[in-house]
Amino acid sequence: MTDPLFSAIPLPSSLATNLESLNYQSMTPIQAKSLPLILEGRDLIAKAKTGSGKTAAFGIGLITRLKPKSYAPQALILCPTRELGAQIAGEIRRLARFLPNIKVLTLCGGQPIRPQISSLEHGAHILVGTPGRLNDHLSRGTLSLRQINTLVLDEADRMLEMGFYDDISKIIRQVQKSRQTLLFSATYPEGIRKLSSEFQNDPVEIRVDEYLSSEQLHEQFYKVEGKTKREALIRLLSHYKPQSTVIFCNTRQCCKELAEYLQEKGFVASALHGEMEQKDRDRVLVQFSNQSCPILIATDVAARGLDIKDLQAVINYELFPKPEVYVHRMGRTGRAGKEGLVLSLLEKKEQFKLDAIKDFLGKKLLCKHIDDLKDIPDVSLQPLMNTLCISGGRKQKVRPGDIVGALTGEAGIAGDNIGKIDVFDSWSYVAVKRIIADKALQRLKKGKIKGRTFKVRFI
Ligand code: ADP
Ligand code: MG
């Protein structure tokens, strides 16, 4: 069965044209199930895994209801972390780009509050924020939610895990009762039911099947008896040579130690965990997504909801005792028709975790011994790209096109050597192919961007 097309639902033609230009033709299953109801104005409680296209589902809904002339916030999206907030805001800006001057404002913690206050004074159409920071604004009186007509709780289970129930309740009480309330969650713990019954109006419940077809995923477990897990991991990486991998650990400490170990062994690898400063987390995610760091070592909390494209492999360095977590992690790879590898290391004392996963999925899973993989010399998986950091960003009015211009113009570097560009408030990152990276650095240091010279360095 083919997926239904966006043209099957009644959308304003300018929005439909924009979806085409984004190359969104068919709806993902969650979009097909939820959009007709969202457009009718119904409240929803929706369960679907990461990467299923939830943002566009609620984003399209709230955009169709937007009054561009009013600069009072009309839609509010609550989400657990700043990274997710940034991703959601980015996706909504793309979806709304056919409307001129739509302001999407992120109000998340871990960032100075002053600039947010002054942005709020100028007005905004759509707010994306974390519960803590939104409450901060409410108690300072710098934010009014009176005109909100669409309220979205994204990754609601995660927000509850982080202890945001009271913050969320306080926020919702400030929003008019006639609103539409959309609740998205990967799991349904008790708190979700409570939130829904307290704050939703006759919600429709929708679910989308979590499991990918098995042809797309290659799942393999490896016993590591007689070796350390670290040695076994090096062997996995050397054997499969995945170009982009997320390695899951259960604790921050394990992430940190494993990253250090892999770096000692010559791999380019970074840890991502909740204790890191915002700037470092941004940098790590940029390097991973622009292919200058092929290995990310993360806890489930840190990786939750992040839209990481083209992930070739997921490695369970530590399996989690709950089998649902295996399914969540697995869902990070094999996306959009591509093949994915799910590799898991298993110590003897962890056999019960494999048994639980088998029971949960109701299928056979292959388990080999790590020594079954040939001992090939370690390869350290050098990345295709390197990242340059430029000391200018949005505040200096630097745009991606300016950076491309500076590299391809006088610097004479061919465009296909330039990868992803990420512009932040006061700095930018550009990925360049490793073979021309030194040249790019020298040229950018000497040349000008927007008529100015910026500091440039490798990260
Ligand atoms: P979720 O919130 O369910 O984890 P996202 O909303 O982050 O998923 O979407 C995952 C990715 O899929 C994003 O990069 C988004 O741009 C893309 N996407 C969403 N809907 C479509 C569609 N209908 N066709 C193609 N790509 C889509
Ligand atoms: Mg999402």
Side-chain angles (χ1 to χ4, degrees), residues 2-9 11 15-36 38-39 44-63 75 77-97 104 106 108 126 128-130 152-159 161-162 182-187 206-212 244 246 285 288-290 298 300-311 314 327-338 340 420 422:
T2 51
D3 291 328
L5 302 176
F6 277 105
S7 51
I9 48 171
L11 292 174
L15 174 55
T17 313
N18 186 36
L19 290 174
E20 263 168 47
S21 75
L22 288 168
N23 219 358
Y24 287 15
Q25 280 144 2
S26 49
M27 292 189 267
T28 66
I30 187 77
Q31 290 163 355
K33 279 196 179 173
S34 65
L35 253 176
I38 293 176
L39 294 174
L44 281 192
I45 169 162
K47 180 177 175 182
K49 69 177 177 72
T50 297
S52 53
K54 294 188 284 289
T55 321
F58 61 74
I60 290 172
L62 61 89
I63 287 167
I77 299 139
L78 297 179
C79 65
T81 63
R82 205 192 68 100
E83 285 93 346
L84 270 178
Q87 264 180 24
I88 295 168
E91 173 89 349
I92 291 186
R93 285 191 189 107
R94 275 192 298 279
L95 292 168
R97 65 185 179 187
V104 183
T106 53
C108 299
I126 299 165
V128 184
T130 50
V152 181
L153 308 180
D154 194 21
E155 308 271 351
D157 48 348
R158 181 76 206 105
M159 291 197 282
E161 273 167 45
M162 293 167 84
L182 305 172
L183 196 157
F184 291 86
S185 193
T187 58
I206 49 179
R207 285 164 185 256
V208 170
D209 187 13
E210 297 226 348
Y211 306 106
L212 290 169
S244 64
V246 173
L285 282 173
F288 187 70
S289 64
N290 74 13
D300 295 280
V301 171
R304 184 69 175 272
L306 293 177
D307 176 24
I308 302 170
K309 287 203 175 69
D310 290 335
L311 196 56
V314 162
V327 177
H328 284 311
R329 291 178 179 179
M330 176 166 85
R332 310 307 312 237
T333 183
R335 285 198 195 175
K338 293 209 175 112
K420 199 163 167 277
D422 292 274

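All of these numbers come straight from a predicted model, not from anything done at the bench. As the structure lists them, so they are numbered: ligands from 1, and atoms in each ligand from 1.
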Contact between [X] and ligand 1, counting heavy atoms under 4.0 Å?
X      : result
Ser26  : yes
Ser52  : yes
Phe184 : no

Which of the numbered atoms in ligand 1 are below 4.0 angstrom from a heavy atom of Glu91? 15 (C), 16 (O)
Which ligand 1 atoms are under 4.0 Å away from a heavy-atom of Thr55? 2 (O), 5 (P), 6 (O), 7 (O)
N/O of Glu155 under 3.5 Å from N/O of ligand 1, yes or no? no
Taking both backbone and side-chain atoms of Ala56, is any N or O found less than 3.5 Å from an N or O belonging to ligand 1? no
Ignoring hydrogens, just give me the one of Phe58, Tyr24, Phe6 whose non-hydrogen atom is nearest atom 15 (C) of ligand 1. Tyr24
Any idea which of Arg94, Gln31, Met27 brings a heavy atom closest to atom 20 (N) of ligand 1? Gln31
Please work out whether any backbone atom (N, CA, C, O) or any side-chain heavy atom from C-beta onward of Gln87 is under 4.0 Å from ligand 1, and answer side chain, backbone, both or neither. neither
Does ligand 1 have a heavy atom under 4.0 Å from the side chain of Gln25, from its backbone, from both, or from neither? neither
Look only at the side chain of [X] and the backbone of [Y], and say whether a donor-acceptor pair between them is shorter than 3.5 Å.
X      : Y     : answer
Lys54  : Ala48 : yes
Thr55  : Ile88 : no
Asp154 : Gly85 : no

Measure the spacing between CZ of Arg93 and OG1 of Thr106 and express it to the nearest 0.5 Å. 6.5 Å
Reported CD-to-SG distance for the pair Gln87 and Cys79, which is rounded to 0.5 angstrom: 10.0 Å
If you define the side chain from C-beta out and look only at heavy atoms, does anything of Thr81 sit under 4.5 Å from Arg158? no
Those residues that, when tested against Arg329, pass side-chain hydrogen bond (donor to acceptor under 3.5 Å, both in side chains) (two or more places apart): Asn250, Asp300, Asn316
Taking side-chain hydrogen bond (donor to acceptor under 3.5 Å, both in side chains) as the test, write out the residues that go with Ser185, two or more places apart. Asp157
